[in-house]
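Report on one structure; see the data block that follows.
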Amino acid sequence: MCLRTVLGCWLPAVARCGSVWPVEDGEVEEEGGEDVAVQVSLSAESRQVIRQSWREIQEDISRVGVIVFCRLFETHPEYKDAFLVVRDIDDLETLRNSRELRAHSLSVMSFIEKTVARIDQDELLFELILDLGKKHYQYNALPKYYQFMGEEFIQAVQPVLKERWSSDLEEAWKTLFLYITSTMKRGFQQAQRDQNHI
């Protein structure tokens with residue numbers, strides 16, 4: 001059984017405690033195959049600023065989602081290869097207007113919306129994100145790409161929030177995306193192990 005330390009106590013891997021989320025740290029394992037965990041802490045204040053900022057981001061959710069992916073494909077062109085529906089589109093304007101990209105962008109932004117809605121429900125949030133990681137295994141969307149999404153999301157929402165953007169808000173979103181990507185990676189790895197045992 002995998003164990004994690006939360007607030008100095010050892011708890012089962014699925015346990016969640018208040019504002020500290022234990023997450024996987026890459027593919028590192030301890031002796032005996034137990035997972036090594038890092039702690040991701042998100043204060044009540046950070047959760048609140050995320051919720052408040054999300055209300056404003058939601059007003060232009062579709063455009064923000066497209067911006068996130070266009071930025072992602074510009075800064076990390078190799079990422080585009082993971083998306084069959086846009087892989088062969090080279091022109092940025094065509095990409096920006098692609099129905100497939102808009103649909104996927106909206107799907108991702110809807111997931112972020114669900115994450116924000118569950119930000120105070122640690123167990124539900126964990127299961128939601130873990131399941132997404134398992135689905136990404138089915139799509140063959142490799143974990144190495146997950147980390148870039150948070151960076152591009154932050155860059156895309158800064159202009160939307162304008163003067164309301166702050167270093168505290170940036171840190172809160174970075175922490176949330178660290179938790180999302182780490183938990184998705186864990187889900188991907190679980191699905192991979194399950195497939196290998198079939």
Side-chain angles (χ1 to χ4, degrees), residues 1-2 4 12-16 21-29 33-38 40 54 61-62 64-90 94-96 98-119 121-154 156 173-198:
M1 171 188 270
C2 299
R4 319 214 162 290
V14 295
R16 300 290 165 268
W21 294 321
V23 296
E24 298 275 323
D25 184 18
E27 298 175 344
V28 179
E29 292 187 347
E34 290 192 8
D35 299 328
V36 174
V38 296
V40 175
W54 181 252
I61 194 171
S62 180
V64 170
V66 169
I67 291 169
V68 168
F69 277 95
C70 285
R71 285 188 52 83
L72 190 63
F73 297 150
E74 284 180 296
T75 57
H76 304 283
E78 72 280 6
Y79 194 89
K80 197 168 88 167
D81 291 337
F83 293 89
L84 293 173
V85 295
V86 297
R87 180 182 296 167
D88 297 326
I89 302 174
D90 292 324
T94 304
L95 185 63
R96 214 177 256 124
S98 162
R99 271 187 294 150
E100 293 84 5
L101 180 63
R102 286 184 181 276
H104 187 73
S105 300
L106 197 51
S107 174
V108 169
M109 296 304 280
S110 294
F111 178 80
I112 295 171
E113 182 174 45
K114 289 176 189 174
T115 299
V116 173
R118 290 166 179 79
I119 203 164
Q121 302 168 321
D122 294 344
E123 193 62 38
L124 290 174
L125 181 59
F126 174 77
E127 292 300 328
L128 175 75
I129 300 169
L130 189 73
D131 186 56
L132 183 65
K134 291 176 183 179
K135 288 177 184 173
H136 275 66
Y137 174 76
Q138 295 168 352
Y139 308 144
N140 198 30
L142 302 176
K144 67 181 182 179
Y145 297 122
Y146 304 168
Q147 70 186 17
F148 305 127
M149 184 60 68
E151 296 168 14
E152 299 307 332
F153 175 84
I154 287 168
W173 277 108
K174 281 181 180 178
T175 301
L176 180 58
F177 270 98
L178 173 62
Y179 180 67
I180 290 170
T181 57
S182 298
T183 305
M184 281 181 66
K185 186 173 186 176
R186 180 175 181 193
F188 184 97
Q189 291 169 340
Q190 280 184 3
Q192 189 175 39
R193 284 191 299 265
D194 291 348
Q195 181 66 32
N196 291 338
H197 286 105
I198 292 178

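Here the structure is a predicted model, which is why all the values come from computation and not from measurement. Keep in mind that the numbers below use all heavy atoms, side chains included, and drop hydrogens, waters and symmetry copies. All residue numbers in this chain count up from 1 along the given sequence.
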If you round to the nearest 0.5 Å, how far is [atom2] of [Y] from [atom1] of [X]?
X: Y146; Y: I180; atom1: OH; atom2: CD1; value: 12.5 Å
X: T115; Y: W54; atom1: OG1; atom2: CH2; value: 8.5 Å
X: D122; Y: E127; atom1: CG; atom2: CD; value: 12.0 Å
X: D81; Y: R87; atom1: CG; atom2: CZ; value: 6.0 Å
X: M149; Y: F153; atom1: CE; atom2: CZ; value: 10.0 Å
X: E123; Y: R118; atom1: CD; atom2: CZ; value: 13.0 Å

Practice task
Using a cut-off of 6.0 Å, state whether more than 12 heavy atoms not belonging to K134 lie near its atom NZ.
Solution key: yes
Exercise for the section: Inspect the surroundings of CZ in R99 and state if more than 12 heavy atoms from other residues, nucleotides or ligands are less than 6.0 Å away. Expected result: no
[X] and [Y]: which non-hydrogen atoms are nearest, and at how many Å?
X: M109; Y: G65; value: CG-CA, 3.6 Å
X: E78; Y: F148; value: OE2-CE1, 4.4 Å
X: A117; Y: Q121; value: O-OE1, 4.1 Å
X: I67; Y: A156; value: CG2-CB, 3.6 Å
X: Y145; Y: A82; value: CE1-CB, 4.1 Å

Strictly distance-based, threshold 3.5 Å: is any side-chain N or O of [X] a donor or acceptor partner for the main-chain N or O of [Y]?
X: S110; Y: L106; value: yes
X: H136; Y: L132; value: yes
X: H76; Y: L72; value: no

Practice task
Taking the side chain as every heavy atom from C-beta outward, state whether K114 and L124 have any pair of such atoms under 4.5 Å apart.
Solution key: no
Handout entry: Any side-chain heavy-atom pair of R102 and S62 under 4.5 Å
Key = yes
Practice task
Evaluate the ring planes of F188 and Y137, with Trp represented by its six-membered ring, and classify them as parallel (under 30°), tilted (30 to 60°) or perpendicular (over 60°).
Solution key: perpendicular
Practice task
Look at the aromatic rings of F69 and Y79 and report parallel, tilted or perpendicular, splitting at 30° and 60°.
Solution key: tilted
Problem - With R96 via side-chain hydrogen bond (donor to acceptor under 3.5 Å, both in side chains) - residues at least two apart - result: E93
Exercise for the section: Would you mind listing every salt bridge (Lys or Arg N to Asp or Glu O under 4.0 Å) that reaches into residues 138-154, with sequence neighbours excluded? Expected result: R71-E152
